[in-house]
Structure formats: C-alpha cells, structure tokens
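Quick notes on the structure that follows.
Convention: sequence-line order gives letters A, B, ...; per-chain numbering from 1.
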There are 2 protein chains.
Amino acid sequence: MASLRALECLVAVADSGSITQAARLLHSSQPAVSHQLATLERETGTTLLRREPRGVRLTPAGRAAVADARRAIEAAASAVRSARAAGEATGGSLRLACAQSLVSVLAPVIREWHRRHPEVAITLRESTSPDELHGLVDSGEADLALMPAPVPGRFTSTAVAEEEIVLTAPTGHPLAARPAVPLEDLEGAPLVHFAPENGLSAWLDRSFARAGVRPEPVMRTAVTTAAPQLAAAGLGIAVCPVSAVSDGFPGAVRSFSPRWVRQLVAVTSAEPDPLAARFIRNLRNHGVHVPRDVLTQLAADSPTSAKTR
Amino acid sequence: MASLRALECLVAVADSGSITQAARLLHSSQPAVSHQLATLERETGTTLLRREPRGVRLTPAGRAAVADARRAIEAAASAVRSARAAGEATGGSLRLACAQSLVSVLAPVIREWHRRHPEVAITLRESTSPDELHGLVDSGEADLALMPAPVPGRFTSTAVAEEEIVLTAPTGHPLAARPAVPLEDLEGAPLVHFAPENGLSAWLDRSFARAGVRPEPVMRTAVTTAAPQLAAAGLGIAVCPVSAVSDGFPGAVRSFSPRWVRQLVAVTSAEPDPLAARFIRNLRNHGVHVPRDVLTQLAADSPTSAKTR
DNA sequence: AGAAGCCATCCAAGAATTCTATGGCATGTC
DNA sequence: GACATGCCATAGAATTCTTGGATGGCTTCT
C-alpha cells in the first residue's frame with residue numbers, strides 16, 4: 001500500500017510542477033520528495049512523471065494516480081476531522097434507545113440538542129423491554145439508553161431524572177376523590193394493566209407485591225400511553241409514569257400517598273464517550289417533561305409540586 | 001496528518017472487534033496495532049474505542065472516523081491501481097491532438113484502440129496550426145500529437161505513416177487529363193488555397209517556392225477538406241493531402257509526378273510514456289486511411305498503389 | 001564560460017514502526 | 001479458590017523508513 005506521504009508528494013508535485021517547489025510546499029527537502037516519488041513509481045511499476053529540464057510533468061499514469069491521491073488525502077484528513085468533531089459534539093452520530101414510555105421525556109431534550117448540535121445525527125430506538133434495552137447497549141447497537149432504574153451492575157448508569165408514578169382514572173372515579181391516594185386503596189380495584197412484553201408489567205407487579213396490594217387486572221395493553229386513555233374511557237384505573245399521561249388527558253390524575261417516584265437513568269456500557277456524556281448532561285439539566293394540565297391537576301392535589309428535576 | 005497505517009488499523013479493529021484479531025488480519029503484532037491506535041487517538045484528541053474485557057468497541061467518534069478511513073484506504077489503493085492500469089494501457093486517459101486534415105487518419109485508429117482498450121479515456125483536439133500543436137505538447141495539454149513532418153528538434157517524433165499530396169480538380173479539367181501531373185504544370189493555374197491560419201497554407205507556399213512553381217490563388221479556405229470540394233465545384237484546382245479527399249469525391253484526383261508524399265509523425269515532448277507509446281505502435285500498424293474510390297482513381301493513374309504504410 | 005535551476009544519488013542522522021517480553025485485568029473452568 | 005485463557009497497555013531493543021546535506025550531471029539563461 002502506498003504511504004499517504006508519498007501521495008502527498010505526488011499531489012504537491014502535480015500542483016507545483018517541480019519537485020523542488022513541492023518540497024518547499026511540504027516543508028521538506030528535495031531529496032526526501034524525490035525519494036518518495038521513486039518509491040511510488042517502484043510500487044506502481046510505471047513512471048508517474050517525466051523529468052524535464054525545467055521541472056517535471058505528469059505522465060497519463062501520474063494524472064490517473066493524482067486524482068485518487070487527492071481523494072485519499074482528503075478522506076484521511078476528513079477521518080481525523082470527523083473524529084475530532086464527534087469528540088467536541090460538533091459531528092458524528094449518537095444512537096439512543098429508551099423505554100417506550102420515555103419518548104415524551106426524551107423528545108424535548110433531543111429537540112434542544114438538535115438545535116444546538118445540528119451536525120450530530122441522532123437515531124432513536126424504542127423498546128418496552130428493559131432486557132432489550134440492556135441488549136442494545138451491550139451489543140453496541142445503542143450508545144446510550146434512557147430507562148428506569150434499576151439496571152444491572154455491569155452497566156454504567158447515571159441518574160438523570162425522577163419520574164412520578166401516578167394513578168389515572170375516569171373523572172369522578174371513587175379513588176380519584178382523594179387528593180392523594182394510598183397505595184393500599186388499590187386492593188381489588190379494576191386495573192388497566194400492561195401486556196407482558198411491556199417492561200412496566202413486571203415492574204408494576206413487583207411493586208404491588210412488595211406493597212402487599214392486589215389490584216384486579218381487567219385488560220392489558222402493550223402501549224404505555226394507551227393505559228391511562230383506556231382507564232379514562234371507563235375501564236378502570238391505570239398506574240403509569242406521569243410522562244405517559246398526554247396533554248389534554250380526559251380523566252383524573254392523582255399522586256400516590258406517599259408520592260411514588262422512580263428514578264430514570266442513562267445507561268452506557270462503560271464510561272460514556274464524550275458525545276454520550278454531553279448528551280447525559282443535557283438530560284440532567286432538562287428534567288422530566290410533564291404536560292401542563294396534568295401538572296395543574298397534581299398541583300391541586302398536593303401542595304408539593306410534582307415537578308421533579 | 002494521520003498515517004494510512006493507523007487508519008488501516010482502525011478499520012481492521014472495527015471489522016474484527018478486537019485489537020488482537022486486527023493484528024492477525026494485518027499480519028502484524030498486537031502492540032504495533034495498539035500503538036497505532038494510541039497515536040491516532042492522540043492526534044484526534046478523543047477516544048476512538050472503548051476497551052472492554054472481551055475486545056474493544058468503537059465510540060461514536062470511532063465510527064465517524066472509520067467511514068472516512070475506509071474511503072482513504074480505498075482511494076490510496078485505487079491510486080496505485082490507476083497508475084498501474086495506465087502503465088498497462090488498461091486505464092487512464094490519453095489526450096491526443098492532430099492536424100485538422102488528419103482526423104480522418106486518426107479516426108479509425110482511435111476506433112480500433114477504443115475497441116481494444118475501452119478503459120482508456122481518449123480526448124482529441126484538432127488544430128490547423130502546427131505551432132499550436134507544438135504548444136499543446138509543450139505545455140502538456142496533449143500527450144501526443146499527430147502531424148506532418150518536420151517538427152522542431154526539441155520534440156521526440158516517431159514517423160508513423162506517409163501521406164500522399166494530390167491534385168484535385170473538376171472532372172474534365174485539363175490538368176487532370178494526364179495520369180500523373182508534374183508539379184511544374186501548376187504554373188499559373190487557378191488554385192483553391194488555404195487561409196493563413198491553416199498550417200497547409202505556409203507549407204504549400206514553401207513547397208511551391210522550392211519547386212519554382214507559382215499557381216494563382218483564387219480563394220482561400222481554412223477548412224482543409226473544403227479545398228478539394230471547392231475545386232471540384234469548378235473554382236480551380238486544389239493541392240491537399242489525400243486524406244482530405246472525402247469518400248464519394250465528385251472531382252478528379254491525380255498523383256503528382258514524381259509522387260509527392262509527406263511524412264506523418266507522432267510527436268511527444270520527450271520519451272513517450274507507456275500509454276502514448278502503445279498508441280504510437282497502433283498508429284504505425286494502421287497506416288493512412290484513404291477513401292476507397294479515391295484509391296481507385298489513383299490506382300488507375302499509376303501502377304504504384306498510393307497506399308502507404 | 002559561468003551562473004542558476006532542476007533532479008538523482010550517496011550517506012549519515014534521526015524518527016517512526018515493529019517486535020519480544022511482560023504485567024494487569026476480567027472471565028471462565030476445574 | 002486456584003488456574004488457565006484471552007484481552008489490552010507498556011517498556012525496551014532492533015529494525016526499518018524517512019529525512020537532510022552534500023554532491024554531480026544536466027540543461028537553460030546570461
């Protein structure tokens with residue numbers, strides 16, 4: 001393989017029309033350039049340039065090589081530029097993954113990031129299963145995953161926000177009568193639950209069991225944001241992260257008593273690279289986005305704001 | 001500038017997922033690759049890969065660099081391929097130039113060449129002025145020029161063919177009565193001459209002067225092939241290379257007595273490069289193309305064929 | 001004839017690359 | 001729990017490449 005240095009010499013010679021001039025351009029000596037060219041000619045097996053009394057001139061073979069040589073040099077320079085750009089978050093690509101219910105949390109952060117770093121290409125994969133998210137990070141298919149704690153210890157996780165778990169119900173539902181609902185009150189209540197493939201399913205079951213409360217699942221959905229909607233439609237109550245409650249939600253939203261929050265963490269397979277690290281900083285500064293009127297409902301319920309940071 | 005070797009290492013690592021494996025791929029040792037990568041990371045100022053227990057994995061910065069690195073390596077390899085291809089006449093480009101009247105000579109050779117070497121891009125420039133042709137070769141704008149001898153000594157010229165200079169006239173013209181026309185008979189004859197910018201103009205004048213004969217120019221044209229046409233149309237006689245007489249020529253064509261030929265040479269600024277040299281060989285083997293019915297006329301005139309080689 | 005410009009070659013110094021050997025670390029095995 | 005395995009980084013020595021200065025041949029210009 002021809003060395004990049006030799007190709008640089010060839011290009012410089014093509015541009016300046018003389019080996020001596022090229023050497024000056026390259027801040028090198030004439031013999032050095034001459035030698036590089038000789039090596040290149042030996043490697044290609046042809047004469048790249050005709051030596052003439054007043055300098056040198058490219059042969060057709062030399063012309064053919066110069067075009068590619070320029071591309072090679074440009075690409076090599078571009079490689080370090082790209083890497084440096086990615087290091088400074090002014091380029092590169094960032095592959096995110098997140099729990100499905102957290103898209104609404106991530107969206108405003110991504111929008112803000114994209115406004116500030118338009119050169120960074122963002123891709124986002126959603127999943128309802130924590131295991132799948134772990135797998136994406138493990139296999140390197142994602143640089144960063146946003147998901148609820150806890151995560152296995154083999155990962156590096158950074159707490160970026162907390163998210164309240166709330167009760168949603170049809171307006172006027174008995175459970176919604178109280179400003180903050182004790183978890184025990186859910187005993188036997190008809191619950192819009194989640195399908196097994198949705199990570200919330202197992203997590204909720206674990207949480208209920210730990211609290212010794214047994215609601216009555218009446219149906220299951222895999223789509224996180226569908227549960228509160230179905231509950232509001234009269235099918236029962238739903239328990240979900242506040243971020244899964246859309247703006248203009250037609251039902252009632254209540255905090256639990258005591259308030260129930262889960263931690264959201266950014267997961268990387270190891271020490272995050274510069275780009276991911278910077279994104280994580282942005283996540284921490286952004287907090288969780290909660291729809292305005294949900295916030296109003298919750299604020300009416302308890303003197304402590306539900307807004308977390 | 002990053003060395004090509006370092007970029008190769010990066011790509012190999014990206015492909016194999018491990019420095020040790022990459023070293024095997026590169027027929028090198030693991031520390032060597034490790035060192036190259038460290039250098040590259042120092043140069044880019046970022047971590048290109050995360051070291052993990054079971055190998056390494058690219059960071060976003062690394063991914064960004066790999067894409068360009070591949071391009072750089074490919075382009076560098078392509079540079080030596082291109083040069084080698086040009087050396088073997090299986091690629092590259094050849095820029096030809098020729099006297100306007102010789103396009104018809106060159107055309108069949110180019111066609112044949114292109115059939116055999118379709119990968120070589122051919123460009124052809126025509127000119128009516130020998131000086132301009134010399135200039136094209138001098139300045140390197142053309143790799144090879146086909147033109148009539150003589151050429152200044154500073155060029156390398158290779159005789160590739162001879163071309164007969166013939167007399168053309170309207171059918172039934174008195175001068176065309178004889179099978180071969182002595183040059184002296186042109187004294188005072190009405191001549192369709194060439195415009196000064198056409199190289200034939202000065203050359204014919206010199207030739208006539210040397211022979212001590214003075215035809216009477218009745219008009220001048222810059223387009224070489226136009227002269228015999230105008231002559232046949234009744235304006236007088238024309239003296240031109242036989243290659244300028246088109247197929248289906250409506251007038252009479254006569255050799256001179258003695259036959260008048262001029263040598264065609266391929267001109268390069270120095271020792272021709274492989275591609276040009278090969279083209280010159282083709283030229284020599286091809287000879288001059290003369291339209292069939294002109295050949296018939298000439299053959300009827302003199303027992304010696306006008307075909308040269 | 002002499003000066004100047006250009007390139008190739010020779011040779012020595014310097015730099016970069018490579019290799020071998022070694023150690024740290026995590027994982028998997030008996 | 002000790003051991004073997006596979007991974008990467010580091011250190012030091014050897015080698016190979018690259019560079020620079022000096023020189024000579026060549027041509028052109030003065």
Point to revise | Candidate nucleotides D:dC7, C:dT17, C:dC7, ranked by approach to the side chain of B:Ser3 - the nearest | key: C:dT17
Point to revise | N/O (side chain, B:Gln36) to phosphate O (OP1/OP2, C:dT18) under 4.0 Å | key: yes
Point to revise | Interatomic distance where CZ belongs to A:Arg57 and C1' belongs to C:dC6 [whole Å] | key: 14 Å
Review point. Does B:Arg51 put a side-chain nitrogen or oxygen below 4.0 Å from OP1 or OP2 of C:dA26?
Key: no
**Study point:** Base C:dA8 to side chain A:Gln30, donor-acceptor N/O within 3.5 Å cut-off
**Key:** yes
Check your understanding: To the nearest 0.5 Å, how far apart are CG in A:Leu7 and CG in A:Asp68?
Key -> 9.0 Å
Revision key, fill the gap. From CG of B:Leu37 across to P of D:dT10 the rounded distance in Å is 12 Å
Check your understanding: Using 4.0 Å as the upper bound for N to carboxylate O, is an ion pair formed by B:Arg50 and A:Asp143?
Key -> no
Review point. If only side-chain N and O atoms of B:Thr20 are considered, is one of them under 4.0 Å from the OP1 or OP2 phosphate oxygen of D:dC8?
Key: yes
Exercise for review: Check the distance between D:dT19's P and A:Ile19's CD1 and give it to me in whole angstrom.
Suggested key: 14 Å
**Study point:** Atom pair distance, as rounded to whole Å: CD in A:Glu52 and P in C:dA8
**Key:** 12 Å
Check your understanding: Judged by modelled atom types alone, do A:Glu132 and A:Ser127 share a side-chain donor-acceptor pair under 3.5 Å?
Key -> yes
Review point. Among D:dC7, D:dT19, C:dT18, which is the nearest nucleotide to the side chain of A:His35?
Key: D:dT19
Check your understanding: Counting side-chain heavy atoms from CB outward, which of D:dC8, D:dT19, C:dC6 is closest to B:Ser18?
Key -> D:dC8
**Study point:** Separation of D:dC7 P from B:Leu49 CG (nearest whole Å)
**Key:** 15 Å
**Study point:** Euclidean distance, atom CZ of residue B:Arg24 to atom P of C:dC19 [Å, nearest integer]
**Key:** 13 Å
Review point. Counting just side-chain N and O atoms, does B:Arg5 come under 4.0 Å of either OP1 or OP2 of C:dT18?
Key: yes
Review point. Looking only at heavy atoms, what is the nearest atom pair of A:Arg57 and B:Val137, with distance?
Key: NH1-O, 3.6 Å
**Study point:** Shortest side-chain distance from A:Pro53, nucleotide among D:dT28, D:dG20, C:dC7
**Key:** D:dT28
**Study point:** Atom-pair distance (CZ on A:Arg50; P on D:dC26), nearest Å
**Key:** 20 Å
Review point. Nearest nucleotide by nearest heavy atom, which residue falls closer to the 5' end of DNA chain D, B:Gly17 or A:Val33?
Key: B:Gly17
Practice item. Round to the nearest Å and state the distance from A:Leu58 atom CG to C:dC7 atom C1'. Key: 16 Å
Review point. If each of B:Thr39 and B:Pro31 is mapped to the nucleotide of DNA chain C with the nearest heavy atom, which maps nearer the 5' terminus, i.e. the 5' end?
Key: B:Thr39
Point to revise | salt_bridge(A:Arg71, A:Glu74) N-O dist < 4.0 Å | key: no
Check your understanding: With a 4.0 Å cut-off on heavy atoms, is A:Ser29 in touch with a base, just the backbone sugar-phosphate, or nothing at all?
Key -> base
